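Numbers restart at 1 for each chain; the letters A, B, ... are given by sequence-line order, proteins then strands. Keep in mind the model is a prediction, meaning the values are calculated, not measured.
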2 protein chains.
Amino acid sequence: MSKEGATQSPHPADDFMLEKFLPYRLSLLSNTISGGISSAYRKLYELSVTEWRVVAILGRYPGLTATEVTERGAMDKVAVSRAVKRLEERGLVERGEHDADRRRLPLVLSPGDGQRLFRDVMPRALAYERQLLASLSAEEREMFGRLVGKLQSAAQRLNEKD
Amino acid sequence: MSKEGATQSPHPADDFMLEKFLPYRLSLLSNTISGGISSAYRKLYELSVTEWRVVAILGRYPGLTATEVTERGAMDKVAVSRAVKRLEERGLVERGEHDADRRRLPLVLSPGDGQRLFRDVMPRALAYERQLLASLSAEEREMFGRLVGKLQSAAQRLNEKD
DNA sequence: TCATAATAGTTTCACTTGTAACTATTTGCA
DNA sequence: TGCAAATAGTTACAAGTGAAACTATTATGA
């Protein structure tokens with residue numbers, strides 16, 4: 001593992017170490033977690049991550065249009081459109097009609113399968129989150145949530161002026 | 001934005017809110033950050049995320065084989081293979097020969113363009129990270145890194161026994 | 001020593017994804 | 001009113017991705 005000795009300095013080429021690079025670590029963490037959760041509902045229901053998110057959002061906010069789902073989930077417009085299409089084909093989501101604007105299609109989970117799916121999968125996801133957070137103390141959890149929020153704002157600010 | 005009033009309870013249907021769901025928040029944060037960084041090097045060098053990671057790893061650990069790069073970056077074997085191929089075609093990475101095992105191809109950044117790319121892009125990525133972390137205090141930074149580590153271990157443990 | 005298993009890396013194929021272009025409808029304003 | 005611009009959502013195309021099959025090479029052990 002130590003191919004070159006301490007050729008240069010006490011902390012060898014320490015200016016960049018991928019393992020300590022925060023963006024990399026966050027990506028790794030996020031992928032690990034998403035993988036863990038999706039393996040649960042993917043096996044059971046054959047849902048993609050986007051589909052699952054749409055279900056989660058519609059379960060919480062019935063009647064949103066596709067665009068509103070997009071906004072709420074910070075997802076891609078096309079991705080949502082496709083997810084909704086597949087969910088509708090499988091009878092999990094239904095499209096209604098908007099009174100004033102015929103372009104907008106309010107979406108709801110279907111009373112039968114859609115809502116059942118929501119009520120079944122959601123607890124699993126929450127259980128995973130709970131188990132995950134069990135590795136932290138209450139103060140750590142609180143702190144972590146706060147810091148994630150701070151970083152999210154900071155990242156958005158950084159990306160804007162670019 | 002407030003479509004339905006407080007129809008149900010003081011904390012309306014509070015059992016699941018995507019906005020507070022940690023896996024979702026982390027995914028959002030990671031995507032925002034990755035997007036910010038990649039927009040920097042993508043414009044300049046036309047590098048994909050995987051290619052950039054390979055460059056970062058090889059810059060830090062010259063002479064790794066593709067498999068070792070895969071392990072170090074928690075990346076897909078195929079993705080690395082393709083990234084290396086494109087990087088080699090563009091003269092950014094070179095493949096050497098392994099003394100004992102002709103299956104293994106040690107990889108290095110090319111002395112000219114490859115290392116120049118590394119020296120040019122890396123500071124930008126680090127600068128982004130620095131700006132991002134500037135939104136936290138020193139203690140918060142330390143704490144955040146620690147918590148990310150804890151969660152990463154916890155998530156791996158959770159995913160294993162499954 | 002020879003056959004089988006294991007490993008490094010590549011290629012193929014089917015599927016997913018994002019960008020851009022498109023249709024349908026509504027809004028803004030001259 | 002009526003026409004250009006904006007918006008909701010879909011479609012098309014190109015590029016990216018992973019799983020599995022494949023080649024080449026090395027390790028194992030009867």
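Place B/Thr50 and B/Ala100 on DNA chain D by their nearest nucleotides, and B/Thr50 ends up nearer the 5' end. Residue B/Lys77 is the one, among A/Lys77 and B/Lys77, whose nearest nucleotide of DNA chain C lies closer to the 5' end (criterion: closest heavy atom).
At D/dG16, none of the side-chain N or O atoms of B/Ser48 fall inside 4.0 Å of OP1 or OP2 (strictly under the cut-off). In terms of phosphate contacts, A/Ser81 brings a side-chain nitrogen or oxygen within less than 4.0 Å of OP1 or OP2 of D/dT10. Between A/Thr67 and D/dT7, a side-chain N or O to OP1/OP2 separation shorter than 4.0 Å is absent.
Within the nucleic acid shown, B/Thr65 comes within 4.0 Å of sugar-phosphate atoms alone, with no base atom in reach, counting heavy atoms only. Using a 4.0 Å heavy-atom cutoff across all strands shown, A/Asp76 reaches at least one base atom of the nucleic acid.
At distances below 3.5 Å, at least one donor-acceptor pair connects side-chain atoms of A/Thr70 with backbone N or O atoms of A/Ala66.
In the model, A/Arg72 has no side-chain atom that pairs as donor or acceptor with a side-chain atom of A/Thr67 under 3.5 Å. Residues B/Gln152 and A/Thr32 bring a donor and an acceptor atom of their side chains to less than 3.5 Å of each other. For the residue pair A/Asn159 / B/Tyr128, a side-chain donor-acceptor distance below 3.5 Å is found, with atom types taken as modelled.
Atom pair A/Asp99:CG and C/dT26:P shows a separation of 12 Å (rounding to whole Å applied). Spacing between atom CG of B/Leu47 and atom P of D/dG16 amounts to 12 Å, rounded to whole angstrom units. Rounded to an integer number of Å, the gap from A/Glu97 CD to C/dA24 C1' is 15 Å. Nucleotide D/dA15 holds its P atom 11 Å from the CZ atom of B/Arg86, rounded to whole Å. The CZ-P distance, from B/Arg82 to D/dG18, rounds to 7 Å in whole Å. Atom CD in A/Glu68 sits about 14 Å away from atom P in D/dT7, given to the nearest Å. Between A/Arg104 atom CZ and C/dA24 atom C1' there is a gap of 14 Å when expressed in whole angstrom units. Atom pair B/Lys85:NZ and D/dA15:P shows a separation of 15 Å (rounding to whole Å applied).
The base of C/dT25 has none of its N or O atoms less than 3.5 Å from a complementary donor or acceptor on the side chain of A/Arg102. Remark: the B/Arg95 side chain and the C/dG9 base include no donor-acceptor N/O pair separated by less than 3.5 Å. Residue side chain A/Arg103 reaches the base of D/dT7 through a donor-acceptor N/O pair under 3.5 Å, judged by distance alone.
Residues A/Glu51 and A/Leu92 fail the side-chain proximity criterion, which asks for heavy atoms closer than 4.5 Å.
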